[in-house]
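Positions are given from 1, in the same order as the sequence printed here. Just so it is clear, the values below take in all heavy atoms, side chains as well, and ignore hydrogens, waters and symmetry mates.
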Amino acid sequence: MLNLYSEEINLRTIGMNVYYLLRKNLKETLISQRQDLTYQSILVRSQISEEYRREYQREIKRLIELGRFTTYPSQYVMSIDVESGYDRSLKLPYIVHRGRKLYFPHKYSVVQAEEAYRGYICGDRLLGKGEDFAPHQYQSKDYCVHEGDVVVDVGCAEALFSLDVIELASKVYLIERDGIWKAPLRATFAPYNDKVVFVQKLASDKDGRTTVSLPSLLKSETSSPLFIKMDIEGYEPKVVRTLLPLLRERDGITLSCCTYHNNEDATILEQLFQQVGYQYEFSKGYMLFARYDQPTAPYFRHGVIRASNLTHS
């Protein structure tokens, strides 16, 4: 006997799969078009402006060498060997970072976990200290996590950054709204449960069922220095604005905020830190990013701004 209900469900499922596939392909096509337009615009601008060529000499040379768009024209690719495995009890893949297991979601294969980790270390070079032209580095020698700091990792995802500094930190707040990271994060930081606070919410300007404001979250942190890292898909200016009263009132705060997601993020964040009298620096090198909007001239973006009211020599 034909089960019309089952047939209807199957057709609906197929239809939804086709819809999401088409939407994904359209999104990727639009991103590719933005990237191509950005690449071509840079080449044209470099031909007509000697000042532009001089300002972005390293990046333009690299783009010409590659003959295509790349997110990190400031740097060259490196490679590393990765130790990895699969935890059968937790049903999670992991890689080994400096002797500690960094877990990934169950939908990742071990190979995907390795590729993601290589991307963080070799592509993004997240964990450097600002010595080279790697614009996505959260720290430099003057703006970094010190022993005893409270680390606030806003938009932590797998929390590689926090795992890397876990021995230095006195406490770590892991803020990540995407539930896919809940199990991996708890597995990764199980040895450090006494110093880690998990916050499965979106950092925002108000507190709610799914949102949290940093001033509210950190109101009890009145003594230890704070290191606040933000990588939150272009919402960095919004969250920093909520912090302005705290930045004016409290000593010992260092921030490291991504500035590459939108055209104006670097300018906005620079102005906000100027308002509160913070010292700041941009990471070395530039990025090209065309996922959320069409980059405008000069197309190259700063990757990270680091700011603090601590004294740097």
Side-chain angles (χ1 to χ4, degrees), residues 23-79 115-116 118-140 155 230-238 240 256-274 280-307:
R23 191 171 73 171
K24 179 182 179 183
N25 288 340
L26 176 60
K27 180 180 179 181
E28 291 176 351
T29 299
L30 290 173
I31 291 171
S32 180
Q33 290 175 347
R34 291 187 196 126
Q35 292 176 344
D36 290 342
L37 179 58
T38 300
Y39 173 73
Q40 295 298 331
S41 298
I42 289 171
L43 295 185
V44 170
R45 198 175 183 88
S46 68
Q47 290 297 313
I48 63 177
S49 172
E50 181 180 348
E51 182 180 355
Y52 187 79
R53 286 198 306 273
R54 186 167 57 250
E55 177 70 20
Y56 304 106
Q57 180 178 9
R58 180 187 179 93
E59 290 76 20
I60 292 170
K61 179 182 177 182
R62 179 63 173 154
L63 288 173
I64 293 173
E65 288 176 354
L66 290 173
R68 59 176 173 80
F69 180 99
T70 180
T71 303
Y72 295 107
S74 299
Q75 64 194 40
Y76 287 79
V77 176
M78 54 185 282
S79 62
E115 289 175 350
R118 283 195 179 92
Y120 302 147
I121 300 297
C122 304
D124 299 331
R125 298 198 196 175
L126 300 179
L127 302 182
K129 287 288 188 73
E131 302 91 349
D132 54 13
F133 288 84
H136 205 298
Q137 294 177 349
Y138 298 123
Q139 300 184 90
S140 68
M230 293 187 201
D231 192 345
I232 46 177
E233 311 301 317
Y235 289 93
E236 290 85 357
K238 179 180 181 179
V240 169
S256 180
C257 304
C258 289
T259 57
Y260 63 85
H261 293 104
N262 300 298
N263 282 312
E264 304 301 325
D265 285 355
T267 300
I268 293 171
L269 286 166
E270 181 179 26
Q271 292 172 348
L272 290 174
F273 291 130
Q274 287 174 347
Y280 63 89
E281 66 178 15
F282 286 105
S283 54
K284 295 179 181 178
Y286 295 92
M287 291 177 63
L288 293 175
F289 194 77
R291 293 192 64 83
Y292 303 151
D293 61 354
Q294 178 62 54
T296 57
Y299 309 107
F300 297 104
R301 298 175 180 176
H302 291 292
V304 172
I305 188 171
R306 314 177 189 108

Participant: Is the shortest heavy-atom distance from the side chain of M230 to the side chain of V240 under 4.5 Å?
Facilitator: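 Answer yes - side chains close enough.
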
Participant: If you round to the nearest 0.5 Å, how far is OG of S283 from OH of Y138?
Facilitator: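 Nearest 0.5 Å value for the OH-OG distance: 10.5 Å.
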
Participant: In terms of heavy-atom contacts, does CZ of R53 have more than 12 from other residues, nucleotides or ligands at under 6.0 Å?
Facilitator: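 It does: R53 CZ has more than 12 such atoms within range.
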
Participant: When rounded to the nearest 0.5 angstrom, what is the spacing between CD in E281 and CZ in F273?
Facilitator: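 That separation rounds to 12.0 Å.
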
Participant: If the threshold is 4.0 Å, N to carboxylate O, is there a salt bridge linking E65 and R62?
Facilitator: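 Between R62 and E65 there is a salt bridge, with a charged N closer than 4.0 Å to a carboxylate O.
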
Participant: Provide the closest heavy-atom pair for S256 versus R306 in the form atom of the first, atom of the second, distance.
Facilitator: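 Nearest heavy atoms, S256 then R306: OG-CG, 4.1 Å.
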
Participant: Report yes if some heavy atom in the side chain of P73 is under 4.5 Å from a heavy atom in the side chain of L288; otherwise report no.
Facilitator: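 Counting from C-beta outward, P73 and L288 do come under 4.5 Å.
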
Participant: Show me the donor-acceptor pairs within less than 3.5 Å that the side chains of residues 124-132 make with the rest of the protein, sequence neighbours left out.
Facilitator:
residue	atom	partner	partner atom	Å
D124	OD1	Y72	OH	2.5
R125	NH1	D132	OD2	3.3
R125	NH2	Y76	O	2.0
E131	OE1	K129	N	3.1
D132	OD1	Q137	NE2	3.0

Participant: What distance separates E236 CD from L272 CG, expressed to the nearest 0.5 Å?
Facilitator: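 CG of L272 is found 12.0 Å from CD of E236.
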
Participant: Taking the side chain as every heavy atom from C-beta outward, state whether Q274 and Y280 have any atom pair closer than 4.5 Å.
Facilitator: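 A side-chain contact under 4.5 Å exists here.
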
Participant: Considering all heavy atoms of both residues, which atom of R68 and which atom of L63 are nearest to each other, and what is their separation?
Facilitator: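 R68 and L63 have their closest heavy atoms at O-CD2, 3.4 Å.
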
Participant: Using a 3.5 Å distance criterion without hydrogens, assess whether the side chain of S41 forms a donor-acceptor pair with backbone atoms of L37.
Facilitator: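 Such a contact is found between S41 side chain and L37 backbone.
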
Participant: Quick check: do M287 and F300 have side-chain heavy atoms less than 4.5 Å from each other?
Facilitator: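 Side chain of M287 against side chain of F300, heavy atoms only: no contact under 4.5 Å found.
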
Participant: Can you confirm if the NZ or CZ of R58 lies within 45° of the ring axis of F133 and under 6.0 Å from the centre of its six-membered ring?
Facilitator: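 Yes, cation above the ring, under 6.0 Å and within 45°.
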
Participant: Could you walk me through whether T38 and Q294 pass the side-chain contact (heavy atoms from CB on, under 4.5 Å) test, one step at a time?
Facilitator: CA-CA 8 Å; T38 300; Q294 178 62 54; 3.0 Å; yes

Participant: A side-chain contact here means heavy atoms from C-beta on lying under 4.5 Å apart; do I64 and L43 qualify?
Facilitator: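 Answer yes - side chains close enough.
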
Participant: Counting only heavy atoms not in Y299, do more than 12 sit closer than 6.0 Å to its OH atom?
Facilitator: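 Atom OH in Y299 is crowded, with more than 12 foreign heavy atoms closer than 6.0 Å.
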
Participant: Checking side chain to side chain donor-acceptor pair (under 3.5 Å) against R301, which of N262, T259, N263 comes through?
Facilitator: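 Exactly one option meets the side chain to side chain donor-acceptor pair (under 3.5 Å) with R301, and it is N263.
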
Participant: Look only at the side chain of S32 and the backbone of E28, and say whether a donor-acceptor pair between them is shorter than 3.5 Å.
Facilitator: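 Not a single qualifying donor-acceptor pair exists.
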
Participant: Determine, step by step, whether Y52 and I60 satisfy the side-chain contact (heavy atoms from CB on, under 4.5 Å) criterion, reporting the C-alpha distance in whole Å, the side-chain angles of both residues, the deciding distance to 0.1 Å, and the verdict.
Facilitator: CA-CA 9 Å; Y52 187 79; I60 292 170; 3.9 Å; yes

Participant: Rounded at 0.5 Å granularity, tell me how far OG in S74 sits from OH in Y286.
Facilitator: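 With rounding to 0.5 Å, OG (S74) is 8.5 Å from OH (Y286).
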
Participant: Check Q75, K284, H302 against P135 for a side-chain contact (heavy atoms from CB on, under 4.5 Å) and give me the one that passes.
Facilitator: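 Filter result, single survivor: Q75.
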
Participant: How close do P237 and D265 get, heavy atom to heavy atom, and via which atoms?
Facilitator: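 Smallest heavy-atom distance, with atoms named: CG-OD1, 3.8 Å.
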
Participant: Would you say the side chains of T70 and Q35 form a donor-acceptor pair under 3.5 Å?
Facilitator: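 Distance-only check fails for T70 and Q35.
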
Participant: Could you grab the distance from atom OH of Y39 to atom CG of L66, nearest 0.5 Å is fine?
Facilitator: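 Y39 atom OH to L66 atom CG measures 8.0 Å (nearest 0.5 Å).
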
Participant: Determine the interplanar angle of the Y260 and F289 rings, folded into 0 to 90°, and report it as parallel if under 30°, tilted if 30 to 60°, perpendicular if over 60°.
Facilitator: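 The rings of Y260 and F289 stand perpendicular, inter-plane angle above 60°.
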
Participant: Can you confirm whether more than 12 heavy atoms, excluding those of Q57, are under 6.0 Å from its CD atom?
Facilitator: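 At most 12 heavy atoms, drawn from other residues, nucleotides or ligands, come within 6.0 Å of this atom.
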
Participant: Going from SG on C257 to CG on L269, what distance comes out if it is rounded to the nearest 0.5 angstrom?
Facilitator: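 CG of L269 is found 5.5 Å from SG of C257.
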
Participant: Heavy-atom distance under 4.5 Å between the side chains of I31 and R34, does that happen here?
Facilitator: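 Touching, per the 4.5 Å side-chain cut-off.
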
